[in-house]
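Before any comments, here is the structure.
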Number of protein chains: 2
Amino acid sequence: MAGTDISKQAMMRMPYYLRYLRDAEASGASSVSSTAIGEALRLNSVQVRKDLAAVCSSKGKPGSGFNVRELISGIEELLGYNSRVDAVLVGAGSLGTALLSYKGFSEYGMNIVAAFDSSASVCGRVIGGREVLDASSLEDFCRNNSVHIGIITVPADVAQDVCSELIRGGVKAIWNFAPVKLKVPDGILIQNENLAASLAVLSRHLKNMSNAANG
Amino acid sequence: MAGTDISKQAMMRMPYYLRYLRDAEASGASSVSSTAIGEALRLNSVQVRKDLAAVCSSKGKPGSGFNVRELISGIEELLGYNSRVDAVLVGAGSLGTALLSYKGFSEYGMNIVAAFDSSASVCGRVIGGREVLDASSLEDFCRNNSVHIGIITVPADVAQDVCSELIRGGVKAIWNFAPVKLKVPDGILIQNENLAASLAVLSRHLKNMSNAANG
DNA sequence: ATAATATCGATATCCGCATATCGATAGATT
DNA sequence: AATCTATCGATATGCGGATATCGATATTAT
C-alpha cells in the first residue's frame, strides 16, 4: 500500500512538491516534467521521479511528464491534508502559546483539540480559541477522545514525564519541541523539532565563514 | 580549527549532549563515560566519542571518561552560547509573532534585534518588546547593523524575495520557516524549519500504524 | 513517415554517516 | 605488584539515500 515504502526524507520533500505543483496548476499547467520540478526545487531529477513514483499509481509519460492534477491529489492524500487528525498540545509557555495561535495547521489536516499545562496561573486561560486544561486530566482526555498525536512544548526536565503520560493515554506519534531525547517503546514515533539544533547549524556556518575570512 | 570538521548531524546532537552534561554536572559528576551518555541519549557510544572528540582538545581518559566541565565549556563555545549573534525576523504573522515572543533564544546566543513586515496594519506594533519595522528598510538595516542571520516567517510566495533582499543586505545564514526551497548563491546557508514536513512524518506514521492494524 | 528531442524507468555507482571491531591505556581490585 | 575491568581512539565495515548512466518511449517537427 502507498506510504509505507516512502522514506522519511522523501516524505519531508512532499510538501515542497505539493506547493510547486499547486503553483503550476494555478498557472494553467496540466503536466510537468521531473526536470522542471528538480530545477525549481534544487533537486536531482532522478530523485524527483523516484519520489513521485512512490506517491500514486499515476505514471509519468515520456515526452510530456506527469499529470499535475493526479500528483496533487496523490500527495494531498498521502499527507492526509484531506482528512483531519486530532492532536493535543502540552505546555502553554511562550512556544506552546505560539503554536496554539498559529493558524496554519488546519491546512495540513491537523487539529489541536486541547491544550494542557500544569501551572495554575495558566489553566483556564483561553489561547488561540482553546481553553488551557489542567495537566492532570491529560491521559484521560487522550484516551476518551482517541487522540493519537501529542505536541510537547514543556521545559526539558518534565518532557519525559509528559511523553510517558501521552503514551499511556494512547498517543502514537509525538512532536517534540523540548531539547531532550525521549525514551519511548517500539511503535511510537518521536519527531523532534529542536530549535537549538537548528541554531547550532546556523552558528557553525557563521563560525566557518569568519574562520575562512580571517585565515 | 574546531568546528569545521564537525558534520551537520553531529552539530545537531550537540545541544542534547550539552543538556545531559549540565544535568550530570548538577548531580555532582566530574567525569562521564561515552557509554553512559550513549545510553541516556539512545546513541551508539562510538558515535558519542567521535562527536565529543571533535568538540574540544580535552581527551577522554580510559577508565574514567571525559571531564564534564571541559566538555560543557567546549560545547558552549562551539555552539556560540557565550557570544551574541544578531538576527532579524521577517514576517510578523502568527508564526513570526510566536518566535518574537519566545524568550528562549537568548539562551542560545541569538538576539533578534528587529522585526519586519510589509503590512501597514502590523508595522509600528510592538511584539515581544520589539517594534515591527517596514519591510522596505530591511536591506539597509541588515547592512548598517552587520546582521548576519535572517529568520523568514513570511508566506511562501514572498519568501524568495525576502531571502534575496536579506542576502543583498549581507546576511550569511537564513532560518527559513516558509515551505519553499530558497535559491541562494554559494556560501549562504539555508536551514529549513519546515513544520509541514514534520507533520508529514507524523502523518506517515499514523497511516502506517492503521494500515498495519487493519491488515 | 521519419528524424530529432524530451522525458521516463531501471540499474549501477557513489557518498556520508552510523555501527562494529580491536588493540591500547587508565584506574580498580586483590 | 599483578591482574582485571572499563573506557578510549583508530580503522574497517555496512547501510540508506542521493546521483549518474543508459536504453526505451512518447511527443514534436520536418
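Just so you know, these numbers use all the heavy atoms, side chains as well, and skip hydrogens, waters and symmetry mates. Below, chain A is the first sequence line, B the second, and so on; all start at residue 1.
- Judged by distance alone, with hydrogens and angles left aside, the side-chain atoms of K207(A) form a donor-acceptor pair with the main-chain N or O of L78(B) at under 3.5 Å.
- Of the possible donor and acceptor atoms, one in the side chain of R204(B) sits under 3.5 Å from a partner among the backbone N and O of I6(A).
- The side-chain heavy atoms of N194(B) and Y16(A), taken from C-beta on, include a pair separated by under 4.5 Å.
- Along DNA chain C, the stretch of nucleotides lying under 4.0 Å from any heavy atom of chain B spans, 5' to 3', dC17(C) to dG27(C).
- Between the side chain of S101(B) and the backbone N or O of T97(B), at least one donor-acceptor pair lies under 3.5 Å.
- With hydrogens and angles ignored, the 3.5 Å screen pairs no side-chain donor or acceptor of R168(B) with any backbone N or O of E139(B).
- With sequence neighbours left out, R22(B) forms a side-chain contact (heavy atoms from CB on, under 4.5 Å) with L18(B), I72(B), E76(B), Y81(B), E107(B).
- Counting to the nearest Å, the P atom of dA26(D) and the NZ atom of K59(A) are 13 Å from each other.
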Considering only nitrogen or oxygen atoms on both sides, find all protein atoms under 3.5 Å from nucleotides 3-7 of chain D and state each distance.
none

For a ring-ring contact (aromatic ring centres under 6.0 Å, His included) check, start with the C-alpha distance between W175(A) and F105(A), then their side-chain angles and the critical distance, and finish with the verdict. CA-CA 13 Å; W175(A) 203 7; F105(A) 291 136; 5.7 Å; yes
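- At whole-Å resolution of the value, CG in L43(A) and P in dA18(D) are 9 Å apart.
- Take the nearest nucleotide of DNA chain D for N44(A) and for K50(B): the residue whose nucleotide is more 5' is K50(B).
- F66(A) places none of its side-chain heavy atoms less than 4.5 Å from the side chain of I37(A).
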